[in-house]
Amino acid sequence: MSEEKVKSKDELVPIFFMGKCYEVPSSLTIQKALEYAGYQLVRGCGCRGGICGACGTVFRYPDSYKIEVGLACQTVVQPNMYIAQLPFFPGNKATYNIADLEPNGSVFTALYPELYKCIGCGTCTRSCPMDIDVLGYMSKAIRGDIEGVAKGSFDCVMCGLCSGRCPAEEVQFYIAILARRLYALHMQPRSAHLKRAINSAEEGQWTEGIAKLKAMNLDTLKKVYSEREMEPHMGPEDWIPGDTNYVNVD
Amino acid sequence: MRVHYYPGCTLKEKATNLEDSTREAMARLDTDLVEPEGWTCCGAEYPLITEKIHGLIPPVRILRQVEIEEGSKVVTTCAFCFAVLKRANKAMLDNPTLHTRVNEYLADDILIDPTTKEKRTHFESYNGDVQVLHLLEYLRDEVGLGHLKSLVKRDLSHIKVAPYYGCRLLRPQKEVAIDDPETPTIFEDFLNAIGCTVVDFPFKQECCGSYLSASMPETSNEPSYRVLNSAKMNGANVVALSCPLCYYNMDTRQDRIKEEYLEFNGFPVLYFTQLLAWALGADVETLGLDKHLCDPRPLFDIKQNAEDVEVNL
């Protein structure tokens, strides 16, 4: 990127969207800039908060050969950037019933045999807007390490940019979510206190209390709510309220 | 002692007996094995067409990572990984064109620290400075066979071992050989140091069939059978090796060999690290002996009495 002098907040900068030039305020994200330019985003626009992965975007600066990536809702426009969005990537998605799968190391290659085509070029890692070591978790998938793939891909937003640039036509993001599903179902330690809480709820621990609350009129309910005992801001970690009728103290 | 260790994919899934026994043995030599962060498949086979540089990218990246982590050497036990890493390293030393092209490609890498999430985007050229060592070399040159001998806790003299080199530890000679390719002794010297009885046999450098077992499976029966049979005829009671593919051809596929050679009724095959860990006092459970098709457990009789050992041949 060329060295631009610092722009004032409302200064207009040129960007190129699908080859056409638009003047947009320099402080906008790519997503807001497109809307400013008159585009109505129906697809390729989800949470607007950098989590859903719907707005995967590729762009390039005019004095560089490098293709850059980002989420449109998180990337602020730069002067003269060339932009194209990738709202959906038609990657090969295996059909499976997760409950029928065995959590063993060959599950990845059974469902995605093209995994072995990986040549280790690392373009996937270079294409990840979430800074995930995609090649790292793909390597773990090749050696059957479900936990490694699940943890290594935890931040994946399923934008598909990795797959879009892969010379071996891998579907990294689908392999990653398969690993996280398997890990969650078969390998992640179960929470013991959750099980106890569900049991005690089923045994009627809250029945009486809830019935009492339900019987209150709105004003009483509001009063009870606003006068409830609150956890102090700097309270100790093991703080519990005096009235434990509505709190599971485990 | 801390040393970088490249296990390779096979050791993490199929050849866990090689991985586990290596770790067990090295722990007993007070050596911490450190895997380079984010290691990938090495490629398994060194590219025959080096004009297409993509086969060199993963091994050079692995070696560069060792250097980034301030390692000066990397140890492998898989003979295939060893050959790929060593040849790629040599290419970076000897071939300026490949050095430039591979480094130019790798310069655009992004390295993400798994804990801090910090991104590294600047890389020095990798110049072939990391030393690639097979574990047998590490034991000979870094630990020292004399020192190793002094650490042996068990008598293995009843185990008559035929050391099988295969191809990848010795060839191509100028690029990988850990010893003289025609009359190697490194494996024999190692076995002598840990107290085994070494059996010389004429097929120790012959091919086991290699990847033929993937493309034309039955074709690898004959070469593997010849190796096993030669070891047996020369009085060995086990073959030792370092390569997961040789192991696959000679142990995992033994049922197929038996189908073709009716007089053959099985012969145990061990990784050299299983003997090493055993000699150094490891528990028999740590050696992964239950994974073998031909059960080698009779050799590991804890009574250590030659008379008690009956190998089911």
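Every chain is numbered from 1 and lettered A, B, ... according to where its sequence line falls, protein lines coming before strand lines.
Interface with chain B: from residues 133-165 of chain A, residues A/D133, A/L135, A/S139, A/I142, A/R143, A/D155 qualify, criterion being any non-hydrogen pair under 4.5 Å. When the heavy atoms of residues 82-105 of chain B are compared with those of chain A, the residues falling under 4.5 Å are B/Y105, listed by number. The stretch residues 81-104 of chain A places none of its residues near chain B, where near means some heavy atom under 4.5 Å from a heavy atom of that chain. Residues of residues 55-63 of chain B lying under 4.5 angstrom from chain A, judged on non-hydrogen atoms, are B/I57, B/P58, B/R61 in numerical order.
A/S64 places a side-chain N or O within donor-acceptor distance of the main-chain N or O of A/K66, the cut-off being under 3.5 Å. A/R60 places no side-chain N or O within 3.5 Å of a backbone atom of A/Y65 that could act as its donor or acceptor partner. For B/H4 (side chain) and B/E35 (main-chain N/O), no donor-acceptor pair under 3.5 Å exists by modelled atom type. A distance-only check finds no donor-acceptor pair linking the side chain of A/T75 to the backbone of A/A72 [under 3.5 Å]. Judged by distance alone, the side chain of A/E170 and the main-chain N or O of A/C118 form a donor-acceptor pair under 3.5 Å.
B/S213 and B/R253 share no donor-acceptor pair across their side chains, judged by distance under 3.5 Å alone. When only modelled atom types and interatomic distance are considered, B/Q65 and B/E69 share a side-chain donor-acceptor pair under 3.5 Å. Using modelled atom types, one finds no donor on one side chain facing an acceptor on the other under 3.5 Å when comparing B/N249 with B/S224.
Of all the heavy atoms in A/K117 and A/A168, the pair that sits closest is NZ-O, 3.2 Å. Pairing each heavy atom of A/S106 with each of B/E13, the nearest pair is N-OE2, 3.8 Å.
The cationic group of A/K20 lies under 6.0 Å from the six-membered ring centre of A/Y22 and within 45° of the ring axis, placing it in a cation-pi geometry.
With a 4.5 Å cut-off on non-hydrogen atoms, B/K117 touches chain A through its side chain but not through its backbone.
In this structure, the ring of A/Y174 has its center no less than 6.0 angstrom from the ring center of A/Y112. Between B/H292 and B/Y271, the gap from one ring centroid to the other reaches at least 6.0 Å.
Salt bridge A/E35/A/K32: absent, no basic N to carboxylate O contact under 4.0 Å. A salt bridge links B/D109 with B/R64: the closest approach of a Lys/Arg side-chain nitrogen to an acidic carboxylate oxygen falls below 4.0 angstrom. Comment: B/E19 engages B/K12 in a salt bridge, judged by a side-chain N to carboxylate O separation of less than 4.0 angstrom. Between B/E137 and B/K73 no salt bridge is recorded (no basic side-chain N to carboxylate O distance below 4.0 Å).
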